[in-house]
Amino acid sequence: LSIEIFDEGREFYPAVRINAMAHGKIRALIEACPLEITWLSTATVLPNGSVEITDVYVPAQMCSIGYTQVTEDGESELYQELIKQGARDVIRSLICWGHSHVRAPVFVSSTDLECTYDYIKQMRESRKSHFIRLIANKYDDLSASIYFLEEKRAVHHAPIVPERAETHLWR
């Protein structure tokens, strides 16, 4: 099912911007890992409805060639470490789930949909207004969806505006 909602007077679609540091970390993770890998990212919602991915965190997870799942302990350990560092603002801005498809296309699989719905539920329970899903691969392909939780709508295949990846800093 594909639905397009458009307004002829509107001159933009919300985009996913990725700063250089976050883009470099994502590229370095994908480059280094022969299996799928998940990361959680902080993001800022911009006044025009776009979002900017600002940093990347990698929780403990189970990885395989076709599947990755953050463990309950992995997520809680990440939050505990951030609390210990006094980074509650980071926890509040963790609204992006990204993962690699290694060398496969960046389509949304049924497993990805299940994970997306779990994260959307978690975001709503945390009273967050947005959720971003990123899928990437080793060929530098990226796919992004922005979920506007309060409006109950999503923009799939959102335009992606990445800053030049500083991958060499994160290898």
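Only heavy atoms go into these numbers, but all of them, side chains included; no hydrogens, no water, no symmetry mates.
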**OP:** Check the pair Leu113 / Arg133 against side-chain contact (heavy atoms from CB on, under 4.5 Å), numbers first and verdict last.
**Re:** CA-CA 10 Å; Leu113 280 178; Arg133 176 184 61 214; 4.1 Å; yes
Quick one: pull up [atom1] in [X] and [atom2] in [Y] and give me the separation to the nearest 0.5 Å.
X	Y	atom1	atom2	value
Tyr57	Ile91	OH	CD1	9.5 Å
Asn19	Ile53	CG	CD1	9.0 Å
Cys96	Ile146	SG	CD1	10.0 Å
Glu166	His168	CD	NE2	6.0 Å
Cys115	Gln122	SG	CD	11.5 Å
Leu142	His157	CG	NE2	13.0 Å

What are the two closest heavy atoms between [X] and [Y], and how far apart are they?
X	Y	answer
Val70	Thr38	CG2-CG2, 3.5 Å
Pro59	Glu75	CB-N, 4.4 Å
Val161	Ala15	CG2-CB, 4.2 Å
Glu36	Ile65	CG-O, 3.7 Å
Ile132	Val51	CG1-CG2, 3.7 Å
Val16	Ala144	CG2-CB, 3.7 Å

Subject >> Joint hydrophobic cluster, Leu40 plus Met21, side-chain heavy atoms closer than 4.5 Å >> reply: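 Looking at the clustering, Met21 is in a separate group from Leu40.
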**OP:** Treating Ile, Leu, Val, Met, Phe, Trp and Tyr as nodes and any side-chain heavy-atom pair under 4.5 angstrom as an edge, say whether Ile95 and Ile83 lie in one connected cluster.
**Re:**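 Yes, because Ile95 and Ile83 connect within a single hydrophobic cluster, where side-chain heavy atoms sit under 4.5 Å apart.
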Considering only heavy atoms from C-beta outward, does the side chain of [X] approach that of [Y] to under 4.5 Å?
X	Y	answer
Leu82	Arg88	no
His156	Val108	no
Ile120	Leu149	yes
Leu94	Tyr79	yes
Gln85	Val90	no
Val56	Trp170	no
Trp97	Leu134	no

Original post:
Without hydrogens or angle criteria, can the side chains of Asn48 and Ser50 be said to hold a donor-acceptor pair below 3.5 Å?
Top reply: yes
Mark yes or no for whether [X], through its side chain, and [Y], through its backbone, hold a donor-acceptor pair below 3.5 Å.
X	Y	value
His23	Ile18	no
Glu77	Ala60	no
Asp112	Ser109	yes
Ser41	Asp55	yes
Thr68	Ile37	no
Lys138	Cys33	yes
Asn137	His101	no

Subject >> Test log, rule side-chain contact (heavy atoms from CB on, under 4.5 Å), inputs Ile30 and Trp39 >> reply: CA-CA 10 Å; Ile30 293 168; Trp39 62 88; 4.0 Å; yes
**OP:** Would you confirm whether the ring centroid of His130 sits within less than 6.0 angstrom of the ring centroid of Phe148?
**Re:** yes
Original post:
Does CD belonging to Glu72 count more than 12 external heavy atoms closer than 6.0 Å?
Top reply: no
**OP:** Please state whether the rings of Tyr119 and Phe131 are parallel, tilted or perpendicular, taking 30° and 60° as the class boundaries.
**Re:**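 Ring orientation, 0 to 90° scale: parallel.
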Subject >> Chi angles and distances behind the side-chain contact (heavy atoms from CB on, under 4.5 Å) call for Ile135, Phe107 >> reply: CA-CA 8 Å; Ile135 304 172; Phe107 67 93; over 6 Å; no
